[in-house]
Amino acid sequence: ALYTDPSEIPTDREYDYIVVGGGTAGNVIAARLSEPTSDPKNVLLIEAGPSNLDFAAAAIPFVCVTLSPKTPMDWNYTSVAQPGLNSRAIHYPRGRVLGGSSSINYLIWNTGSSEEWNRYASVTGDHGWSWSSVLPYIKSIEKLVPPADRHDTSGQITPGLHGTSGPVGVSLQGYPSSIDSKIMKVTEELSAEFPYNEDMNSGSPIGVGWPLSSVENGTRVSSATAYLEPALSASRPNLDVLINTQVTKLIQTGSSQGVPTILGVEFAQSASGPFYRRNATTEVILSAGTVGTPQLLMLSGIGDKKALAELGIESIVDLPDVGQNLQEQTAIPNVWSINATSTPDDIARNATLLNELLGEWATTQTGQLATSPITQIGWSRIPDNSSIYSEAADPSAGPNTPQYEFIFAEVYNSFVAPGPTSGHHMLISTNLLSPTSRGSIALASADPFDAPLIDPALLNSAFDIFTMTEAIKAAQRFMSAPVWDGFVLGQYGLFEGVTWDAEIEKYARDTASTVFHPTSTAYMSPFGASYGVTNPDLTVKGMRGLRVVDASVFPYVPSMHPQGYVYILAERAAELIKADHLVWEADYGTPAGQDIFTKDSVCL
Ligand SMILES: Cc1cc2nc3c(=O)[nH]c(=O)nc-3n(C[C@H](O)[C@H](O)[C@H](O)COP(=O)(O)OP(=O)(O)OC[C@H]3O[C@@H](n4cnc5c(N)ncnc54)[C@H](O)[C@@H]3O)c2cc1C
């Protein structure tokens, strides 16, 4: 059942599992663990935000850009001042709603470069995170469906690479744009630098192609719509979901041989309380995301002992890497003025047009709003002989893994300057994918209702600014292809006249912001490692009862858009949890065919 107030939670029910955070990963976990079996498990899911169903706009793909920042679906964080961005602080959106960031994101669907999954396997010592091991999850998660406009997608995707019956509907762009054919033409005119890639989700992403989005029937697919709503609609008596309620602390419930057990959670709807507490009988699964997870661990005494002592927080386990190693990607929307008579720029300026499009979407889930504003994507790398390699090693997972991205859209956008009231535009957002900078999440105070200090460390290293500058120059080369003659009028807005390296660097630092992809603040390392926060089976080091399942556990930020990776992670995590539960309860040993990494009985 769905509850909106903690006082409604049945007091006589014992929960096997308590899941903290009804976001992208948390909903997968709650839905999977509460599946009907001969021995059903009771699951309580606690989400800080409201229901996604309270927000009609969340379902409409094109308006994804309006769901954050500064909305009721967003935590509305601001970063600390960024030295790499000329000391600017930036909005730092994170979903605070059922579905979490999958309810407010820009819908791009990627499942990875094979090299980086293999790197996850090698740095965690768990073959279960390798590309060959995660491929079956990708197929079982995806449901490839026709685009909203039902156009012929031959040659735009390799259907055989995709699943057809999973919970997450994914589709290609569902509305034509005037730049589609021109971008494809560049892949012929400048094919050496910008080759066409028929399917960027094959494991080898490099090239320019058509992106998939988490959109089905012209409507957003999130973990709330794909996993939680079906589970709730099935009226599972063993699944309880509590919304509008923040978990304020994880609580130690015992210890054995000096190893603490964490099975308790404290929660409240506001700083003034009342505060409630429930214990799980089997596990607490922390899925509060890359910002929320380390914040809650530290509030609970799991983190750097010295730093916590300064805030008066008593240490349960000294884990200095909690909140460290934050990896984030940087974006710059570079805009060109174009010779077009209509572009989606018009939608923001013309209320009548917007209302017509909303009407069309409401009746048939078709039209311009049935698709995201992103038309194509390109993935690329700096040349192997780049001068930066004399001072920095390549941070990417390998030569087939992109270091930067182009996102194409037929519209003006900027993080720092308002939109123009006339004219038509296109943009290439240049995104730095594999930064060498490392940021952090730290507590501002011991009050769980205080926002944490978020430092994504954007453009904070020589490699990062070099690669971003090269990406912008590559975008300029892309736009110099013959096909744009007469169509492109010139660089626009703050990008106008920006040509030379020094100008590009200044422009980059003045205009960049986040791609919204923070990861790695509770990163996995091998069992027994003296660094890291979580083990390869996602249990938290040095304790029993607690696991982390969300984007915070990735050892490196995914080189592509991460929501697909998070679904994969959560699906495997649900299997690991179920398998461990069998092992612990009945002492069966490893179930036949189950690929469980060997670990000692204490899971340190
Ligand atoms: C604006 C934006 C655009 C993006 N665009 C894309 C894109 O196009 N493609 C893509 O692949 N990725 C995109 N991403 C990133 C992607 O959505 C995230 O990486 C992914 O969804 C993270 O999943 P998660 O489970 O780790 O965290 P989340 O989905 O953020 O879930 C965390 C949940 O925990 C809840 N929570 C936190 N603290 C507490 C607490 N103390 N108590 C209770 N609940 C709590 C939160 O409210 C939230 O619901 C975007 C993200 C944003 C914000």
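What you see below is based on every heavy atom in this structure, not just the backbone, and it leaves out hydrogens, waters and symmetry mates. When a ligand or atom number is given, it counts from 1 through the structure's own listing order.
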Applying a 4.0 Å heavy-atom criterion (strictly less than), which segment of Asn110 is in contact with ligand 1: side chain, backbone, both, or neither? neither

Please state which option from Tyr106, Phe449, Tyr92 has its nearest heavy atom closest to atom 5 (N) of ligand 1. Tyr106

Please write down residue, atom name and distance for the protein heavy atom closest to atom 22 (C) of ligand 1. Thr24 OG1, 3.9 Å

Please confirm whether Ile104 comes within less than 3.5 Å of ligand 1 when only nitrogen or oxygen atoms on both sides are compared. no

Give yes if a backbone or side-chain nitrogen or oxygen of Val247 is under 3.5 Å from a nitrogen or oxygen of ligand 1, and no if not. yes

Short N or O distance, Arg94 and ligand 1, threshold 3.5 Å exclusive: no

Side chain or backbone of Ser101 under 4.0 Å from ligand 1, or both, or neither, by non-hydrogen atoms? both

Are any of the N/O atoms in Gly289 less than 3.5 Å from those in ligand 1? no

Is it the side chain, the backbone, both or neither of Ile46 that has a heavy atom closer than 4.0 Å to ligand 1? backbone

Protein heavy-atom partner closest to atom 47 (O) of ligand 1 - residue, atom, separation in Å: Glu47 OE2, 2.7 Å

Where does Asn105 meet ligand 1, judged by heavy-atom distances below 4.0 Å: at the side chain, the backbone, both, or neither? both

What part of His517, side chain, backbone, both or neither, has a heavy atom within less than 4.0 angstrom of ligand 1? side chain

Ser520 side chain to Phe554 main-chain N or O, any donor-acceptor pair under 3.5 Å? yes

Any N or O of Val20 that comes nearer than 3.5 Å to an N or O of ligand 1? no

Under 4.0 Å, heavy-atom basis, I'd like to know which part of Thr290 is in contact with ligand 1: side chain, backbone, both or neither. neither

Out of Gly564, Ala288, Ala25, Ser68, who is nearest to atom 37 (C) of ligand 1 when you count heavy atoms only? Ala288

One residue to check: Trp75. Relative to ligand 1, which of side chain, backbone, both or neither has a non-hydrogen atom less than 4.0 Å away? side chain

Val97-ligand 1 polar pair, N/O distance under 3.5 Å: yes

Heavy atoms only, cut-off 4.0 Å: how does Ser287 contact ligand 1, side chain, backbone, both, or neither? backbone

Indicate yes or no: does an N/O atom of Ala551 lie under 3.5 Å from an N/O atom of ligand 1? yes

Tell me whether Pro562 has any N or O atom under 3.5 angstrom from an N or O of ligand 1. yes

For ligand 1, find out whether one of its N or O atoms is nearer than 3.5 Å to an N or O atom of Gln246. no

